[in-house]
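Scroll down for the structure; my scribbles are underneath it.
The basis for the numbers below is simple: all heavy atoms, side chains too, and nothing from hydrogens, waters or symmetry mates. For ligands, and for the atoms within them, numbers begin at 1 and follow the listed sequence.
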Amino acid sequence: MHPLRVLLFVSLALGVAVAAALGAALVRLGVPQLEAVILGVLAFAVFLLPWTGVALWAFRRAEDLGLLIDRTQALVEGDAQRPITDREYHGEVDDLARAVDALRVAMLREASWSAQRRATLQQISASLGEGLLALSAGGRVVLANDRVSEMFGLEADPVGRPLLEVLRNHAVAGAFDQAREGKESTSRTVAGSRQIEIRVFPVADSPEVAAVGLFIDVTRLEQLQRIRKEFLDDFSHEVRTPLAGLRSAVESFEVGEISPEQEEQLRGVMLRQLARIERLVKDLSELNRIESGELVLDRQEVDLNAMVREVVEEFRERLADPFTGQPPRLTVRGEQALAHVDPARAPQIFLNLLDNAWKHGAGEITVEIAAKDGRAAVRVSDQGEGIPPGELDRIFHRFYRVDRSRSQTVPGVGLGLAIAKHLVLLHGGTIRAWNRPGGGAAFEVRLP
Ligand code: ADP
C-alpha cells in the first residue's frame, strides 16, 4: 500500500483512540456516560472533518500520480500517439502531466523528422543506380539499398544484421574492415555473372555509421572494353595483310628493272589489295550504320521469290568478272513468299550468303524460297567443306573467319555474315547455319 494511505489510516485510528480516551477521561471525572460519549463522538467528528479533506486530496493525488506513471511508462515503451492530457489531473499533477505531454509532442516531432530524413536518404540511395551499404562500428548493416540486394542476390532485408551474416564475400568484408580502421579502398569482386567494383570509405564523425560502401556494376563496361580491344586487334590484323601486300608490290616497283609481265602481275596484286582495304572500310561503315541504329528501314510487302531471283541474276553478272573466276552452278527453286522488308536493304542479306557459298563452298549452290509458318524462308546451301560444328555460332561475329590461313587465299574480311545477321535482326527475322548431312553448309533466313 502507498505510504500515504498507511499514514491516513494510522491517523484515523489515532483519532478514534483519542476520542475514546477523551470519553473515558470525562467519565472518570464524573461526567455522565451519555454526555461523555456524545462529547467523545463530537471530538471525533471535529477531527474527521479536516481528516476527510486531507484524505480526499491525498487519494486523488495518489490516483493521478499512479495514472501518470502508467501513461509515462507506456510512452517510454513507444505509445506516443495517445495524448497524456486526454483526462483531467488535479493540482500539481496536472502541471506535471502537461510537461510530460509537451515532451511526448517533441518526441513525435523528432521521430517524424528522423523518419523523413531516413525516407529521403532511402530515396537518394534507391535512385543512385549503384549499390550503397552503410555499416556501424559494430559491423552491422545500417543502410542498404535494393541495388545491393539485387547485385548480391540477398533475399531478406539486411538492415540490422551483421555484414558477415548477410554477405559472405571476402573482398567486401576486407574492404569494410579496412574502412573501419580508417582506410579508404577500391577493389573488384564477382557476384554471379557480374563484375562489381567496390569503393569503401571510412566515416569519421558519425555515431551511427562507421563505413560506407559503393558497389558499381562494371560488367557492361568491361564487356565494352573487351569488344573494343578485340575489334582493334581484328581490324589491325585485317588491314595489315593487304598493306603488307601493297608495300611489297610498291617496293618491287622501286627496285626497278621489272619485266612488263611482272609489272602487270604487280598491278594486279596492288589492285586486289586496294580492293580488299576498300571492301573492309565499306563493310565496316555499313555494319556500324546498322548496329548504331542509324539505318532506318523502309519496309514494304515484297515477294522474296522475285527479289532473290533478281539477286541471283546480279550475282551471276558479277561472277562474269575475271577476278572471281568460273561461274558456279546455281539452282533456284521457289514459290511466292511475301515478306515485310526494305527492298533496298534485304538483297544485301542474300547477296552475302551467295557470295559465301561461292567463296567458301564448292559444287552446286541451291537457293530455295518458301513461305513457312507465316514467315518467308530463304535457304542457301552449297556442297563445300561446311563449317566446323563448334564454330557455327561464331561465324556470325564480326571479323570471324573459320580458318584464317585457308581464308587468306579467299577474298573477304569476315564481315559479310555479321552484316547479314544484323540486317536480318533489324527486320525482326532469324538466321541460322548448319552443315548438311551430305556435306556443305546451309544458311536459312526467315523474315516476317
Ligand atoms: P568472309 O566471307 O568475308 O570471310 P563472312 O562473315 O561472310 O566473312 O563469313 C565468316 C566465315 O564463315 C568465313 O570466313 C568462312 O570461314 C565461314 N563461312 C561462311 N559461309 C560459309 C560457307 N558457305 N561454307 C563454309 N564456310 C563458310
Give the atoms of ligand 1, by number and element, whose distance to some non-hydrogen atom of [X] is under 4.0 Å.
{"X": "Val402", "value": "14 (O), 16 (O), 17 (C)"}
{"X": "Lys359", "value": "1 (P), 2 (O), 3 (O)"}
{"X": "Phe443", "value": "20 (N), 23 (N)"}

* Are Phe396 and ligand 1 in contact, using a heavy-atom cut-off of under 4.0 Å? ->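 Not so, Phe396 does not reach ligand 1.
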
* Heavy-atom gap Asn352 to ligand 1 smaller than 4.0 Å ->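 Heavy atoms of Asn352 never come under 4.0 Å of ligand 1.
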
Select one of side chain, backbone, both or neither to describe which atoms of [X] lie under 4.0 Å from any atom of ligand 1, heavy atoms only.
{"X": "Leu415", "value": "backbone"}
{"X": "Tyr400", "value": "backbone"}
{"X": "Ile387", "value": "side chain"}

* Asked: CZ/Arg394 to CD1/Ile387 distance, rounded to the nearest 0.5 angstrom?
  ->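 One gets 12.5 Å once the value is rounded to the nearest 0.5 Å.
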
* In Å and rounded to the nearest 0.5 Å, what is the CD to CD1 distance from Gln383 to Ile365? ->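 Separation between the atoms: 9.5 Å.
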
* To do: Return the option from Ala433, Ala441, Gly414 holding the heavy atom at the smallest distance from atom 8 (O) of ligand 1.
  =>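 Nearest heavy atom to atom 8 (O) of ligand 1 lies in Gly414.
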
* From atom 23 (N) of ligand 1, work out which of Asp382, Ile365, Ile395 has a heavy atom at the shortest distance. =>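 That would be Asp382.
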
* Polar atom proximity, Gly361 to ligand 1 (N or O, under 3.5 Å) ->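 For ligand 1, there is no N or O atom that lies under 3.5 Å from one belonging to Gly361.
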
* With no hydrogens and no angle check, do the side chains of His422 and Glu291 hold a donor and an acceptor under 3.5 Å apart? ->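 There is such a pair between these side chains.
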
Compile the donor-acceptor pairs under 3.5 Å between side chains in residues 199-213 and protein atoms, sequence neighbours left out, one pair per line.
from, atom 1, to, atom 2, distance (Å)
Arg199, NE, Glu197, OE2, 2.8
Arg199, NH2, Glu197, OE2, 2.9
Ser206, OG, Glu208, N, 3.1
Ser206, OG, Val209, N, 2.9

Heavy-atom count check: over 12 atoms from other residues, nucleotides or ligands less than 6.0 Å from [X] [atom1]?
{"X": "Asp146", "atom1": "CG", "result": "no"}
{"X": "Asp79", "atom1": "CG", "result": "yes"}
{"X": "Arg247", "atom1": "CZ", "result": "no"}

Taking only distance into account, with no hydrogens and no angle test, what donor-acceptor pairs under 3.5 Å do side-chain atoms of residues 110-124 form with protein atoms, sequence neighbours excluded?
from, atom 1, to, atom 2, distance (Å)
Ser114, OG, Glu110, O, 3.3
Ser114, OG, Ala111, O, 3.1
Thr120, OG1, Gln116, O, 2.7

